[in-house]
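One structure is given below, encoded as structure tokens.
The figures here come from the full heavy-atom set of this structure, side chains too, leaving out hydrogens, waters and symmetry mates. This is a predicted model, so every value here is computed, not measured. Residue numbers start from 1 in every chain, and the chains themselves are labelled A, B, ... in the order their sequence lines are given, proteins ahead of strands.
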Protein chains: 2
Amino acid sequence: MTSQDNRPLTLRDVSEASGVSEMTVSRVLRNRGDVSDTTRSRVLAAAKTLGYVPNKIAGALASQRVNLVAVIIPSMSNMVFPEVMTGISEALDETELQPVVGVTGYRPEKEEKVLYEMLSWRPSGVIIAGMEHSDAARAMLRASGIPVVEIMDTDGTAIDSVVGISHRRAGSQMAKAIIKAGYRRIAFLGTKMPLDHRARKRFEGFTETLAKAGIEIEDREFYSGGSALKKGREMTRDVLARSPDLDFIYYSNDLIGAGGLLYLTEQGIDIPGQVGLAGFNGVDLIKGLPRELATMDSCRQEIGRRAAELIVARAAGTDGPGVPSRIVLEPTLTYGDTLRRL
Amino acid sequence: MTSQDNRPLTLRDVSEASGVSEMTVSRVLRNRGDVSDTTRSRVLAAAKTLGYVPNKIAGALASQRVNLVAVIIPSMSNMVFPEVMTGISEALDETELQPVVGVTGYRPEKEEKVLYEMLSWRPSGVIIAGMEHSDAARAMLRASGIPVVEIMDTDGTAIDSVVGISHRRAGSQMAKAIIKAGYRRIAFLGTKMPLDHRARKRFEGFTETLAKAGIEIEDREFYSGGSALKKGREMTRDVLARSPDLDFIYYSNDLIGAGGLLYLTEQGIDIPGQVGLAGFNGVDLIKGLPRELATMDSCRQEIGRRAAELIVARAAGTDGPGVPSRIVLEPTLTYGDTLRRL
DNA sequence: CTGAAAGCGCTAACAC
DNA sequence: GTGTTAGCGCTTTCAG
């Protein structure tokens, strides 16, 4: 009933249908400049009846502005990143900006590719997880002239701005709390991910602080793949079989910690008396367990929000490169019911 | 050291640096047409030293082709959608196409807005969750002339193609299995989401099939917000306090089911003898519970993969509208340890 | 308040 | 194999 062929509608179609110049139609549709109410309503009516959807490609090319924010994360199934996304969406919701997500699967080559792909759309900003990137990736980001915010982690040299927590410090803080509570025979269970730098940094901060107190990790194990809850169970069973006199297990995430907690509870082991437990992230899930798992909040949503706010500020500001920010959040330690509070 | 000003590099810069025409540079960079090896390598070298990143905006406008697939989902934190995304990425990984995600928060107005926003980038295809959309949204999708695949659900009238499962049937199948196993006093616990049409359809299919067997739902409760695991616990406790002689609880998702399972296990209630349980989705998590929760696989990853494949096929095919497909997957019922298998 | 001209950076189509 | 010429659909800029 409108047009017979399949060609998408253009500004010109609206212009012809309304008898108003393309330029004025464009003004109405973008709410720019002064347009008389008569003209405005005529244009709006025409656009609506035709079902006109503007072509942002053309608009972006002409205006040299793209209202997209590239968000580059390692995975969507990690539970952590969806929450970061929530924070980003929250901050961007009232603005013109829109997030576009790219996933790297923790693989540097893929990160490079995704980054290249996204930069070629000339977004208004880039939010990228982690501080470890290939030289090529860093070069691209620098050369792009686009505001960049590295998120999650603050241990390293920033390309531009950073928002996150120090994972070394998080590991260290947890070690201190554990030592203070009197635990001495401590194991670490985590993901086998050479490329999960944040887990690695927590581990490093953890062991270093233990070392300073003259304590060495009693046992450790790393897994990959499968149901984290189940792996948590299995690793906990195995580690206790190997080292029966352990008195604490620090898990690299809450989900495997939950698995361990379920296993130990079923075995009738006294928590946190005989064995103490702690995870990491502060996910919602731990609230429904038989006992609340000790954990450290990774500030995911706030990180997303703050990072997005930085981009918004830069996008709004003058075209200068802007001043790089460095926002280091302080994670909260939750003792829950699995870590003695001295 | 390269250029002093902040202007992004253009094809022309590469052209000048290599002494080759813009057109040929363009050909090299896109691997199109025949270019002599000498020229090719000279261009590649120039592009690399300069750090040139092509401008896809301009490219897309000129070629009228955009290698983006719009994916519109209600939420990222639902655990279900990240897996759909995984399937989509998987299928798209070997192609030129790239997914771009938009989130609606289960709100029709937001869906309309996101859709408009994405369509204005003229993507090669749209993958959108659910079959319930506002008239305006359906009109936009129809008018766009872009291949559309509605996913997750197949109960309803498709705009174009569909890939999913019948949630009515899923609910009905579960009802049959429960009845067959001899349970008679049945409760339903779920999310309070008038806009979660899929959960609603499962509920309807469930109750209808029970009704045909002369059974009426004994009790029901709906929640919103908070930790699903915890809510599962609380609702289970409450429903059993109200209706102590229940012999089965059907949960609208695995997570609340897991909460219920933990609660009942702690209470020492015999599962599946005294009370049987079942969830929905078939998430990984259930494998680490004290007993494996009965559930029905929602085929998330396969749905994502198949939907993306449809888009790929259409994008590759001739420009015609193509033939709409209708792919109805058959979910598998897992009895686990919480539903008697007669 | 409205319009006309120029051009964003690239690629299709056609020369050579 | 390589170069030239026109735009893609919009917005910027400048006239009125």
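The OG atom of B:Ser15 sits 11.5 Å away from the CE atom of B:Met23 when rounded to the nearest 0.5 Å. Taking CD of A:Gln98 as the reference point, atom CD of B:Glu117 lies at 4.5 Å (rounded to 0.5 Å). Atom CD1 of A:Ile88 is separated from atom CD1 of A:Ile151 by 5.0 Å, given to the nearest 0.5 angstrom. The distance from the CZ atom of B:Arg314 to the CD1 atom of B:Ile146 is 11.5 Å, given to the nearest 0.5 Å. Here the straight-line distance linking atom CG of B:Asp196 with atom CD of B:Glu132 works out to 10.0 Å at 0.5 Å rounding.
Between the side chains of B:Glu112 and B:Ser134, a donor-acceptor pair is found at a separation under 3.5 Å. Side chains of B:Thr86 and B:Ser89: a donor-acceptor N/O pair is absent below 3.5 angstrom, by distance only. Using a 3.5 Å distance cut-off with no hydrogens or angles, the side chains of A:Thr38 and A:Arg42 do not pair a donor with an acceptor.
The interatomic distance linking B:Arg32 (CZ) with C:dA13 (P) rounds to 12 Å, in whole Å. In this structure, the CE atom of B:Met23 is 5 Å from the C1' atom of C:dT11, given to the nearest Å.
Shown for residues 33-41 of chain B: no residue has heavy atoms falling under 4.0 angstrom of DNA chain C.
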Sub-3.5 Å pairs of nitrogen or oxygen atoms, protein against nucleotides 8-10 of chain D:
residue, atom, partner, partner atom, Å
D:dC8, O3', B:Gln64, NE2, 3.1
D:dC8, O2, B:Leu61, O, 3.4
D:dC8, O2, B:Ala62, N, 3.1
D:dG9, OP1, B:Gln64, NE2, 3.3
D:dG9, N2, A:Ala58, O, 3.2
D:dC10, OP1, A:Tyr52, OH, 2.3
D:dC10, OP1, A:Asn55, N, 3.3
D:dC10, OP2, A:Leu11, N, 2.5

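Residue contacts for A:Arg27: at a heavy-atom cut-off of 4.0 Å it reaches a base atom on one of the strands shown.
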